[in-house]
Structures are given as structure tokens and as C-alpha cells.
Amino acid sequence: MWKKVKRLFVIKTRFEAYLIIYALALGAMTRGADYTVQYPGFGGYLLMAATAGAVFLGGAKILDAIRYEQEAREIAESTGSEDKAQD
């Protein structure tokens, strides 16, 4: 039963990754807009840029991880060996 629940929290496709990145960006930009209100001027805009930058870095890492996992799965299937990391 826990395997079924665990599978819900695994990002398997690039489409799922894009949905997660969109949700992160939406939250980050909302937080960034709050920063511009709380800290008017250059400081608020700098914090807003930092929240956007964090989403860019996190999104790139998520997409790279998806690509790496798909390549590893293809290699494992072509050689006929099992990947123990997916259990």
C-alpha cells in the first residue's frame, strides 16, 4: 500500500515537471510581489528577482533529473539489468 502512495509523489514525465515548476513560479511571484510592498524600492525588487531566480534554478534541476532518470531507465532496459534505485 505504501508503494502506491509513494508513487503519487514521484515526477515521472516532463509534463508533470512543468506543472510543478508552474506552481512553484506562481507562489514565488506572489511572494515576490509581497516583497515589493513590504520593502519598497530597490531592495524589494532585488528580493523579487531572487525568488524568480530560485524557481529558474530549481526548475532546471528538476528537468535535468527527469532526463537523467529516463536515460538511466533506457540503459537499464537495453542491457536487461534492473535499476535498484526505483524501488
Side-chain angles (χ1 to χ4, degrees):
M1 176 176 154
W2 288 111
K3 281 189 176 184
K4 289 182 181 179
V5 173
K6 183 179 168 185
R7 283 189 346 202
L8 293 173
F9 297 99
V10 176
I11 302 170
K12 298 175 203 81
T13 64
R14 292 179 69 82
F15 179 71
E16 291 173 350
Y18 287 128
L19 289 176
I20 298 290
I21 293 166
Y22 175 75
L24 290 172
L26 192 64
M29 290 298 97
T30 301
R31 185 70 214 154
D34 288 342
Y35 280 144
T36 59
V37 172
Q38 291 175 3
Y39 305 103
F42 182 72
Y45 289 112
L46 191 62
L47 288 170
M48 186 175 186
T51 60
V55 173
F56 287 137
L57 293 174
K61 190 66 171 176
I62 291 171
L63 292 173
D64 284 345
I66 294 289
R67 182 178 296 132
Y68 172 75
E69 288 176 358
Q70 288 175 347
E71 289 174 359
R73 191 176 307 121
E74 290 173 3
I75 291 171
E77 288 174 358
S78 67
T79 61
S81 64
E82 294 182 6
D83 187 11
K84 299 294 182 186
Q86 292 182 5
D87 288 333

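For reference, positions follow the sequence shown, starting with 1.
- Nearest heavy-atom pair, Ile66 versus Arg14, reported as atom, atom and distance to 0.1 Å: CG2-CG, 4.0 Å.
- Atom OG1 of residue Thr36 and atom CZ of residue Phe42 lie 14.0 Å apart, to the nearest 0.5 angstrom.
- As a member of the Ile/Leu/Val/Met/Phe/Trp/Tyr network built from side-chain separations under 4.5 Å, Leu26 groups with Tyr22.
- Checked for salt-bridge contact, Asp64 and Lys61 miss the test: no charged N lies under 4.0 Å from a carboxylate O.
- Distance check, rounded to the nearest 0.5 Å: OG1 of Thr51 to CG of Leu46 gives 10.0 Å.
- Between Thr30 atom OG1 and Tyr35 atom OH the span is 12.0 Å, to the nearest 0.5 Å.
- Note that CE of Met1 is 9.0 Å distant from NZ of Lys4, once rounded to the nearest 0.5 Å.
- Between Ile75 and Ser78, the shortest heavy-atom distance links the atoms O-OG, 2.9 Å.
- The salt bridge (charged side-chain N to carboxylate O under 4.0 Å, His left out) check on Arg31 picks up Asp34, with sequence neighbours excluded.
- Taking OH of Tyr18 as the start and CD1 of Ile62 as the end, the distance is 11.5 Å to the nearest 0.5 Å.
- Leu24 and Met48 are members of different hydrophobic clusters when ILVMFWY side chains are connected at heavy-atom separations under 4.5 Å.
- Across every non-hydrogen atom of Ala52 and Met29, the tightest pair is CB-CE, 3.4 Å.
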Yes or no on side chain to side chain contact (heavy atoms under 4.5 Å, CB included) for Gln70 and Lys12, after CA distance, side-chain angles and deciding distance? CA-CA 9 Å; Gln70 288 175 347; Lys12 298 175 203 81; over 6 Å; no
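- In terms of heavy-atom proximity, Ala17 sits nearest to Leu63 at CB-CD2, 3.9 Å.
- Cluster membership for Val55 and Leu47, using ILVMFWY side-chain heavy atoms within less than 4.5 angstrom, is not shared.
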